[in-house]
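In what follows, residues are counted from 1 in the order of the sequence shown. Below, each value reflects all heavy atoms present in this structure, side chains not excepted, and no hydrogens, waters or symmetry copies.
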Amino acid sequence: MRPFLLLASRPEDEAADDEYAAFLRATGLDEARLRRVRLEAGPLPPLDLDDYSGVLLGGGPFNSSDPAGGKSAVQRRVEAELSALLDEIVARDLPFLGACYGIGTLGVHQGGVVDRTYGEPVSCVPVELTPAGRADPVLAGMPELFDALVGHKEACQVLPPTAVLLATSAGCPVQMFRVGRNVYATQFHPELDIAGVVTRVRVYQHAGYFPPAEMEELIARISTAVVTEPSRVLANFVARYA
């Protein structure tokens, strides 16, 4: 089996390694079958996408809707590299699944509107499948309504014209969409469990997601959530394209 590729951009080693471990658990892959490239660490190496069964894109510190003048050189480089990669992925309809940052990146690439209208605090929210979502093979076995972990400053306000809406929620209308047959993005985190979100809360306590003084209260609140279904999205993705 060809391996899958995980593109990551978290500069904090603790968060980056925890994210990688989360994707390994959710997909059921081992490190030999899920290769990681940390985009923030240096230029994207030459890639032959035919070497991979599919591409995953994790979350990170960047926001697609950040003002251009406020973006660092690293962010501008990463965005340019991802845009060029998505040119090929979308044109060839290659298997791709982007989580959180992935929906902003793919949304912008496909002509959607990504801004801060529907940002969500770190929380557990009910997500509902659309009729198209209920029929999609990557969402096979998912209940029509399920709880998922979120926490993002930006979201897709207007669905790209090329996209099919697969999942929605009251606070964020675009929770998942598909482009073509094989290119997916989620706003919720399919890789995260409660331990993972607690790690992220601690690492990013000064990143503007919540007042740092409220961290322990937030951890106590989020720790009572029961999240069982979202990882099925990644397991289905791997099973479909392996």
- Query: Where do Ser231 and Thr228 come nearest, in terms of heavy atoms and distance?
  - Reply: OG-O, 4.1 Å

- Report the C-alpha separation of Asp136 and Arg181 in whole Å, then their side-chain angles, then the decisive distance to 0.1 Å, and conclude whether the salt bridge (Lys or Arg N to Asp or Glu O under 4.0 Å) test is met. CA-CA 9 Å; Asp136 192 280; Arg181 295 181 58 196; over 6 Å; no

- Query: Shortest non-hydrogen contact from Lys71 to Ser64?
  - Reply: NZ-O, 3.3 Å

- Message: Between Arg36 and Asp17, does the salt bridge (Lys or Arg N to Asp or Glu O under 4.0 Å) criterion hold? Intermediate values first, please.
- Response: CA-CA 10 Å; Arg36 177 176 61 159; Asp17 291 344; 3.1 Å; yes

- Message: Is there a ring-ring contact (aromatic ring centres under 6.0 Å, His included) between Tyr241 and Tyr52? Walk through the geometry before answering.
- Response: CA-CA 10 Å; Tyr241 296 114; Tyr52 298 96; over 10 Å; no

- Query: With Glu14, which residues qualify under side chain to side chain donor-acceptor pair (under 3.5 Å), at least two apart?
  - Reply: none

- Task: Identify the two heavy atoms, one from Gly58 and one from Tyr101, that lie closest to each other, and give their separation to 0.1 Å.
- Result: O-CB, 3.8 Å

- Interatomic distance, Asn236 atom CG to Leu139 atom CG [nearest 0.5 angstrom]: 7.5 Å

- Taking only residues two or more places apart in sequence, or in another chain, which ones meet Pro160 in a side-chain contact (heavy atoms from CB on, under 4.5 Å)? Gln110, Cys156, Thr162, Ala163, Phe177

- Side chains of Ser169 and Gln175, donor plus acceptor under 3.5 Å: yes

- Give the intermediate values and the outcome of side-chain contact (heavy atoms from CB on, under 4.5 Å) for residues Glu229 and Asp147. CA-CA 7 Å; Glu229 300 301 323; Asp147 287 340; over 6 Å; no

- Message: side-chain hydrogen bond (donor to acceptor under 3.5 Å, both in side chains) for Gln205 and Glu214? Distances and angles first, verdict last.
- Response: CA-CA 9 Å; Gln205 61 183 285; Glu214 298 177 7; over 6 Å; no

- Side chain to side chain, Leu85 and Leu49, heavy atoms closer than 4.5 Å: yes

- Task: Start with the C-alpha gap between Arg76 and Glu79, add the side-chain angles, then the distance that decides, and say whether salt bridge (Lys or Arg N to Asp or Glu O under 4.0 Å) holds.
- Result: CA-CA 5 Å; Arg76 292 195 298 272; Glu79 288 180 348; over 6 Å; no

- For residues Val179 and His109, determine if any side-chain heavy atom of one lies less than 4.5 Å from a side-chain heavy atom of the other. no

- Interatomic spacing from CG in Asn63 to CD in Glu154 - rounded to 0.5 Å: 4.0 Å

- Query: So how far is it from Arg178 CZ to Met176 CE, rounded to the nearest 0.5 Å?
  - Reply: 9.0 Å

- Task: Check Glu81 against Pro43 and note the closest heavy-atom contact, atom names and distance.
- Result: OE2-CA, 3.3 Å

- Query: When you check the side-chain N and O atoms of Thr117 and Asp115, is any donor under 3.5 Å from an acceptor?
  - Reply: yes

- Query: Does the gap between the ring centers of Phe188 and Phe146 come in under 6.0 Å?
  - Reply: yes

- Query: Do Leu97 and Val233 have side chains that get closer than 4.5 Å, going by heavy atoms?
  - Reply: yes

- Are more than 12 heavy atoms from other residues, nucleotides or ligands located less than 6.0 Å from atom CZ of Arg2? yes

- Task: Check the hydrophobic clustering (I, L, V, M, F, W, Y; side-chain heavy atoms under 4.5 Å; chains of links allowed) and say if Leu234 and Leu29 are grouped together.
- Result: yes

- Item | Euclidean distance, Phe4 CZ relative to Arg35 CZ, rounded to 0.5 Å | 12.5 Å

- Task: Identify whether Tyr204 and Ile222 are in the same connected component of the hydrophobic contact network (ILVMFWY, side-chain heavy atoms under 4.5 Å).
- Result: yes

- Message: Could you walk me through whether Ile194 and Val227 satisfy the side-chain contact (heavy atoms from CB on, under 4.5 Å) test, starting with their C-alpha distance in whole Å, then the side-chain angles of each, then the deciding distance to 0.1 Å, before giving a yes or no?
- Response: CA-CA 7 Å; Ile194 299 302; Val227 179; 4.3 Å; yes

- Message: Between Asp50 and Arg92, does any NZ, NE, NH1 or NH2 come within less than 4.0 Å of an OD or OE carboxylate oxygen?
- Response: yes

- Query: So do Val55 and Leu94 actually touch side chain to side chain, heavy atoms under 4.5 Å?
  - Reply: no

- Message: With side-chain contact (heavy atoms from CB on, under 4.5 Å) as the criterion, how do Val197 and Val122 come out once you've worked through the C-alpha distance, each side chain's angles and the decisive distance to 0.1 Å?
- Response: CA-CA 8 Å; Val197 77; Val122 177; 3.9 Å; yes

- Task: Would you mind reporting whether Leu47 and Leu5 have side-chain heavy atoms less than 4.5 Å apart?
- Result: yes

- Does Val90 share a hydrophobic cluster with Val114, counting links as ILVMFWY side-chain heavy atoms below 4.5 Å and allowing steps through other members? no

- Taking the side chain as C-beta and beyond, is there a heavy-atom pair between Val37 and Pro45 under 4.5 Å? yes

- Query: Once you round to the nearest 0.5 Å, how far does CZ of Arg38 lie from OG of Ser9?
  - Reply: 9.5 Å

- Message: Going by the rule side chain to side chain donor-acceptor pair (under 3.5 Å), which residues pair with Glu191 if we only count those two or more places apart in sequence or in a different chain?
- Response: His189, Arg200

- Look at the side chain of Thr199 and the backbone N and O of Ala195, then say whether any donor-acceptor pair between them is shorter than 3.5 Å. yes

- Quick one: do Glu40 and Arg10 make a salt bridge, cutoff under 4.0 Å? no

- Task: Without swapping roles, check the side chain of Glu19 against the backbone of Gly59 for a donor-acceptor pair under 3.5 Å.
- Result: yes

- Check: Thr105 and Leu86 side chains under 4.5 Å, non-hydrogen atoms: yes

- So do Ile103 and Val174 actually touch side chain to side chain, heavy atoms under 4.5 Å? yes

- Euclidean distance, Leu82 CG relative to Arg77 CZ, rounded to 0.5 Å: 9.5 Å

- Message: Would Val74 and Leu39 count as a side-chain contact (heavy atoms from CB on, under 4.5 Å) here? Give the steps.
- Response: CA-CA 9 Å; Val74 172; Leu39 298 172; over 6 Å; no

- Message: Tell me whether Phe237 shares a hydrophobic cluster with Tyr20, the cluster being built from Ile, Leu, Val, Met, Phe, Trp, Tyr side chains joined at under 4.5 Å.
- Response: yes

- Query: Between Met215 and Leu192, is there a shared hydrophobic cluster once you connect ILVMFWY residues whose side-chain heavy atoms come closer than 4.5 Å?
  - Reply: yes

- Item | For the student: nearest non-hydrogen atoms of Leu57 and Gly102, plus distance | CD2-CA, 3.6 Å

- What one should report as the nearest heavy-atom pair of Leu165 and Pro173 is CD1-O, 3.8 Å

- Message: For Asp193 and Arg25: C-alpha separation, side-chain torsions, deciding distance, then whether salt bridge (Lys or Arg N to Asp or Glu O under 4.0 Å) applies.
- Response: CA-CA 10 Å; Asp193 56 16; Arg25 287 193 300 271; 3.6 Å; yes

- Message: Does Lys153 qualify as a cation-pi partner of Tyr209, given the criterion of NZ or CZ under 6.0 Å from the six-membered ring centre and within 45 degrees of its axis?
- Response: yes

